[in-house]
Amino acid sequence: MTIEEKLIAGVQAAVKALYGMEATAQQVQLQKTREEFEGHLTVVVFPFVKAARKAPDMVGNEIGQYLVEHVGDVVAKFNVVKGFLNLVISDAPWIALLNQINADPKFGFQPVTDQSPLVMIEYSSPNTNKPLHLGHVRNNLLGSALARIVEANGNKVVKTNIVNDRGIHICKSMLAWLKWGNGETPESSGKKGDHLIGDYYVAFDKHYREEIKELVAQGMDEEKAKQEAPLIKEAHEMLVKWEQGDPEVRSLWKKMNEWVYAGFDETYKMMGVSFDKIYYESDTYLEGKEKVMEGLEKGFFYRREDGSVWADLTAEGLDEKLLLRSDGTSVYMTQDIGTAKLRFQDFPIDKMIYVVGNEQNYHFQVLSILLDKLGFKWGKDLVHFSYGMVELPNGKMKSREGTVVDADDLMAAMIADAYEASKERVKQTEMPEEEAREVARKVGLGALKYFILKVERKNMLFNPEESIDFNGNTGPFIQYTYARIASILRKANEQGVVIPKELSTLNSQLSTKETELIQKLNQFPAAVRQAGTDYSPSGICNYCYELTKAFNQFYHDFTILGETDETLKFFRLSLAQAVAKVIRLGMGLLGIEMPERM
Ligand code: ARG
């Protein structure tokens, strides 16, 4: 039982014994005691006045007396002010609570067992024709944070990715490379493979647009020109060859995709994200066709005269959805059905979460219905973790068009900013260059991650400057507080102070600021649980921010190492240690690393 639960039960027993009143737990209102009074928690006595038929202060005194006599391990003493019963909580339960928090290295986390449900989380899911951009950064950060939170709630988690590695987009890059590449490779050019391929994709587009312009100038209708341009025709021919398994096209495709994957791997590594199992569209799209044919036989889908296969979802309030084109080729939806089939063959999925932008809301609404029809037990309740667009202050950034902010460039810029900022700050305490770089990496990425995760699903503007501000609701603010605690603990260690593993009783009374901090720590498990049920990394951001603020308030009001009462010094060190641990665990769920110095 928590301290609050014990108190509520105590008050219920008191009014029953004193006034014969059956009070519900809701009738017992507990509040934080106001600063000007002595006490930690306050009981509002007015709900019991009628049953008692006594003046409020009298009622307060009687209940207070009862609590001291019956729950004396919790209530040390009390005072009554105008119908408010202020309770001073004994030190023992606080100390016990802090000891409990300190004893558990995975405080707040639910263990994963063989019986735990299996949750598969898909995120990232790039196309292999260009490098990752800011939109992917947001996707990856949300997905990997979600994976950690779901796991911390006692689920087996499989992190997955579907790579869209085939299709017209990659043929465009391949064709451009054949035409204008002169055999350029990542080695020969010194470019990351994904950037190299991205450059050819851009080159294709440039030449393609020129061709269209020319055709239009010759009097062709623009739509027609888009189809008739020689480059796009050639790209389509290449795709057909790919489908037919043409060895030359396939080997070029393989080579170029390998370059891209090597590039993605570097980006993922820097971002701190990983996957347990990666699927490739080139493997899954044929499986989708099979599954659709199965659905056709079972009568879930129907065939039109031109041979195309459709799902009629009008009964579900949606429209009709194409699943196979008349030439038998598959569409995006078919691929997702195939991927679902392979995934379910590989893992006993209980719950599936897709982290994909909100421009695909309709797609996943339809997919859920189709998977359900096709007998996937998790299809109906699949979660589409949908989120909005992310932009930078200068210039728009959208996933499919326009100028894109490159993920590698963005991370490098954040780290460089953090490096500069720390150089200005830490003039006196010189840090070895290697450590300074490592701290800058943690802080720059911490700023980026925290800012994005805090906003969560809404459309957002990523403001690099604001994200790295040391005073505010930012990653670096929390990291800085962590580093400050780490430095206190280092100093204690240097002074030969050994913090006891288990604290015993104190010589003096704890203040509300201290007990509030313990209470804040004790809310961490609930915050993790809530973030798990809501699929909400931002809940963890808020918790970490609140805890950090509470610690800074405490640190402002009290000395730690300078405290002369040894029991109190141990207590405060131990409290600081617990705060550092919980910050590390919480921020760890967000994929944010903590620097020991800053
Ligand atoms: N690669 C796709 C795109 O860029 C996103 C894939 C999302 N995942 C899925 N299972 N459909 O739009």
Looking at the rings of Phe275 and Tyr268, which for Trp means the six-membered one, are their centres under 6.0 Å apart?
yes
Looking at Glu258 and Lys255, is there a salt bridge between them, counting it only when a charged N and a carboxylate O are closer than 4.0 Å?
no
Is the distance between the ring centroids of Phe364 and Phe385 less than 6.0 Å?
no
Matching residue for Asp408 among Asp194, Leu132, Val137 - test: side-chain contact (heavy atoms from CB on, under 4.5 Å):
Asp194
Can you tell whether the side chains of Arg304 and Asp306 come within less than 4.0 Å, N to carboxylate O?
no
Distance-only, no hydrogens or angles: does the Asn463 side chain make a donor-acceptor pair with backbone N or O of Glu465 under 3.5 Å?
yes
Residues that Ser274 engages under side-chain contact (heavy atoms from CB on, under 4.5 Å), provided they are two or more places apart:
Lys159
Listed partners of Pro464 passing side-chain contact (heavy atoms from CB on, under 4.5 Å), at least two apart
Leu392, Pro393, Met414, Phe462
Any salt bridge (Lys or Arg N to Asp or Glu O under 4.0 Å) pairs touching residues 261-270, not counting sequence neighbours?
none
May I ask you to say whether Glu151 pairs ionically with Lys156, meaning some side-chain N is under 4.0 Å from a carboxylate O?
no
By side-chain contact (heavy atoms from CB on, under 4.5 Å) - contacts of Asp346 (at least two apart):
Lys277, Tyr279
Does the distance from a Lys or Arg side-chain N to an Asp or Glu carboxylate O, for Arg250 and Glu243, drop under 4.0 Å?
no
Output for pair (Thr160 OG1, Arg343 CZ), nearest 0.5 Å, gives 4.0 Å
For the pair Lys351 and Asp381, find out whether any cationic side-chain nitrogen is under 4.0 Å from an anionic carboxylate oxygen.
no
Would you compute the distance between atom CZ of Arg529 and atom CZ of Phe109 and round it to the nearest 0.5 angstrom?
13.0 Å
Do we see a donor-acceptor contact under 3.5 Å between the side chains of Asn164 and Gln335?
yes
From CA spacing to verdict: side chain to side chain donor-acceptor pair (under 3.5 Å), Ser308, Trp310:
CA-CA 7 Å; Ser308 56; Trp310 295 73; 2.8 Å; yes
In short, ring pair (Phe, Tyr, Trp, His ring centres under 6.0 Å) pairs touching residues 534-553 with sequence neighbours left out are Phe477-Tyr545, Phe524-Tyr543, Phe551-Phe554, Phe551-Tyr555
Answer whether the closest heavy-atom distance between the side chains of Phe264 and His136 falls below 4.5 Å.
no
Please determine if Glu294 and Lys298 form a salt bridge, counting it only when a charged side-chain N lies under 4.0 Å from a carboxylate O.
yes
Not counting sequence neighbours, which residues clear side chain to side chain donor-acceptor pair (under 3.5 Å) with Glu593? List them please.
Arg441
For Cys171, does its backbone N or O pair with a side-chain atom of Trp253 as donor and acceptor, under 3.5 Å?
no
